[in-house]
Amino acid sequence: MKHLLTAALAATMLTACTQPQAVETEAPKKDICIQLYSVRTVLGDSASYAENHETALRELADMGYTDVEAANYSNGKFYGVAPEQFKSDCNAAGLNPLSSHATYGLSDEELRNHDFTAAMEWWDKAIEAHKAAGMTYIVTPWNKVPASPEEARTIVDYHNQVGEKCAAAGLKYGYHTHSHEFQKIPGTDTVWIEYFMDNTKPENMFWQLDTFWAVKAGVSPVAYIKKYAGRLPLLHVKDLYELGQSGMVDLRPIFEAAAPGLEGFVVEQEGTDGTHTILEGMEMNADYLRNADFVKPSYRK
């Protein structure tokens, strides 16, 4: 994989030889985590990870990323390798494995029977793997809108138990929102994410607000951050494509509202408009955040 900056650097050097250049100040180093789902075309499965991880992870670090959030946990492994190997691979590139999107989705039968037996066995193995990989956070990336108030109660009970198990192991457990969580539970006037947050214990579950999907749902990210102050240690930073380009997501007030309780943030880009590759887009995102005066160098406590 050829480094994305090669052509740009060559052009800059040629220009510098022919005309005076103003001295530019390099953007400050900041703690920036990347959700590896963003680069799934390069690191999407075990085969592509085996082929590309050394070059790709190093290139992400060169762009300014410092941490990774995984998106391919399965059966005790990350991208087909043991947790210890995944940690070593990240560290060798100058990256820290911070977080992971992983979950066990309850079947309809498990929901009906309020049966978490198989799920808790799955979580025992997952927690062990995440600790071995050096993770701080495990995040459930999706849950359907419950079909009834009874189902909502079961889902909340489930996540409370998962959160208790994670906390006992020294991990922080969270839930990542999209747009459907802002719908109402059928047969009620209750917004699903509000019921979810109001009935899960803060010590058992935080939420990972996705900035783009909240705006897409037609709600105010700032209002929800303030409503659930202290429940957002790990923000998910996303725009339609590259950060700050769409005019949809105003990140300044979001970061300012979240700052008091923030421990970090994760950048994700789900696709491109075709004018850039996803790696070019991720470099633009890192540059945007490093130059943004409203983003602190670090939020780690």
Side-chain angles (χ1 to χ4, degrees), residues 32-33 35 37 69 98-99 101 103 136-146 149 151-153 155-160 162-163 166-167 172-241 243-244 246-270 285 288-289 292 294-296 299 301:
I32 305 176
C33 182
Q35 166 52 254
Y37 181 77
E69 182 176 75
L98 181 69
S99 179
H101 277 191
T103 198
T136 301
Y137 310 91
I138 304 181
V139 183
T140 283
W142 187 88
N143 198 102
K144 69 175 184 178
V145 177
E151 190 170 281
R153 182 71 256 174
I155 293 171
V156 163
D157 289 346
Y158 170 53
H159 286 288
N160 266 321
V162 174
C166 288
K172 298 181 181 181
Y173 176 63
Y175 180 78
H176 174 85
T177 53
H178 293 81
S179 59
H180 66 275
E181 291 89 353
F182 297 95
Q183 299 174 20
K184 292 181 179 179
I185 300 170
T188 76
D189 289 325
T190 304
V191 175
W192 167 224
I193 190 59
E194 295 181 9
Y195 181 89
F196 205 170
M197 295 298 293
D198 291 342
N199 290 278
T200 49
K201 297 178 181 179
E203 62 269 26
N204 292 344
M205 199 192 82
F206 66 87
W207 77 326
Q208 189 183 62
L209 174 71
D210 184 299
T211 57
F212 171 76
W213 285 115
V215 172
K216 190 72 172 176
V219 303
S220 165
V222 171
Y224 269 96
I225 290 169
K226 292 179 178 179
K227 181 177 178 68
Y228 295 106
R231 300 286 297 271
L232 183 67
L234 202 60
L235 180 68
H236 231 245
V237 182
K238 188 191 298 176
D239 206 327
L240 178 60
Y241 298 118
L243 297 178
S246 71
M248 292 178 62
V249 182
D250 185 357
L251 289 174
R252 180 182 293 276
I254 293 173
F255 268 92
E256 290 174 349
L262 212 55
E263 297 172 5
F265 60 89
V266 183
V267 183
E268 181 182 9
Q269 185 172 330
E270 294 193 18
N285 293 332
Y288 175 88
L289 291 163
F294 54 84
V295 178
K296 294 181 180 180
Y299 292 89
K301 307 302 182 188

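Reckoned from all heavy atoms, side chains included, excluding hydrogens, waters and symmetry mates. The first residue in the sequence is number 1, and the count goes up from there. This is a predicted model, so every value here is computed, not measured.
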Worksheet item: His176 vs His236 aromatic rings, parallel, tilted or perpendicular, using cut-offs 30° and 60°?
Response: perpendicular
Worksheet entry | Nearest-0.5 Å distance, CG of residue Leu234 to CD of residue Glu69 | 6.0 Å
Worksheet entry | Interatomic spacing from NZ in Lys226 to OG in Ser220 - rounded to 0.5 Å | 8.0 Å
Discussion item. To the closest 0.5 Å, what do you measure between CD (Gln35) and CD (Gln269)?
Written reply: 12.5 Å
Fill in: Residues in side-chain hydrogen bond (donor to acceptor under 3.5 Å, both in side chains) contact with Tyr241, at least two apart in sequence or another chain
none
Item to complete: Take His101 and Tyr37 through the test side chain to side chain contact (heavy atoms under 4.5 Å, CB included) and record every step on the way to the result.
Response: CA-CA 9 Å; His101 277 191; Tyr37 181 77; over 6 Å; no
Fill in: Contacts of Lys201 that satisfy side-chain contact (heavy atoms from CB on, under 4.5 Å) - sequence neighbours left out
Asn160, Glu164, Glu203, Asn204
Fill in: Parallel, tilted or perpendicular, as decided by the 30° and 60° cut-offs, for the rings of Tyr299 and Phe265
perpendicular
Fill in: Residues which pass side-chain contact (heavy atoms from CB on, under 4.5 Å) with Ala258, listed by chain and number, not counting sequence neighbours
Ile225, Leu232, Leu262
Discussion item. Test your reading of the model: is there a side-chain donor-acceptor pair from Tyr175 to the backbone of Asn143, 3.5 Å cut-off?
Written reply: yes
Worksheet item: Do we see a donor-acceptor contact under 3.5 Å between the side chains of Tyr137 and Glu263?
Response: yes
Practice prompt. Answer yes or no: is there an ion pair linking Lys238 with Glu268, defined by an N-O contact shorter than 4.0 Å?
Written response: yes
Table please: side-chain donor-acceptor pairs of residues 183-192 below 3.5 Å, with sequence neighbours left out.
unit_1 : atom_1 : unit_2 : atom_2 : d
Thr188 : OG1    : Ile185 : O      : 2.8
Thr188 : OG1    : Thr190 : N      : 3.1

Worksheet entry | Residues forming a side-chain contact (heavy atoms from CB on, under 4.5 Å) with Lys144, sequence neighbours excluded | Asp108, Leu111, Trp142, Glu151
Worksheet item: Have Glu181 and Trp207 got a donor and an acceptor in their side chains that come within less than 3.5 Å?
Response: no
Discussion item. Taking atom OH as the centre, does Tyr228 end up with more than 12 heavy-atom neighbours from other residues, nucleotides or ligands that are less than 6.0 angstrom away?
Written reply: yes
Item to complete: Identify the two heavy atoms, one from Val145 and one from His180, that lie closest to each other, and give their separation to 0.1 Å.
Response: CG2-O, 3.4 Å
Fill in: Partner residues of Leu251 under the side-chain contact (heavy atoms from CB on, under 4.5 Å) criterion, sequence neighbours left out
Thr211, Val237, Leu243, Val249, Ile254, Phe255, Tyr288, Phe294
Practice prompt. Taking all heavy atoms of Arg231 and all of Phe206, pick out the closest pair and write down the distance.
Written response: O-CB, 3.3 Å
Worksheet entry | Least distance between heavy atoms, Asn199 atom then Val156 atom | O-CG1, 3.1 Å
Practice prompt. Please report the shortest heavy-atom distance between Asp239 and Phe212, naming the atom on each side.
Written response: C-CD1, 3.7 Å
Discussion item. With rounding to the nearest 0.5 angstrom, report the NZ to CD1 distance, Lys227 to Ile193.
Written reply: 11.5 Å
Worksheet item: Rounded to the nearest 0.5 Å, what separation is found between the OH atom of Tyr224 and the CE atom of Met197?
Response: 10.5 Å
Worksheet, complete the sentence: CZ of Arg153 to OH of Tyr158, rounded to nearest 0.5 Å, is 15.5 Å
Discussion item. I'd like to know whether His178 forms a side chain to side chain contact (heavy atoms under 4.5 Å, CB included) with Asp210, so could you lay out the CA-CA distance, the side-chain angles of the two residues, the decisive distance to 0.1 Å, and finally the verdict.
Written reply: CA-CA 6 Å; His178 293 81; Asp210 184 299; 5.5 Å; no
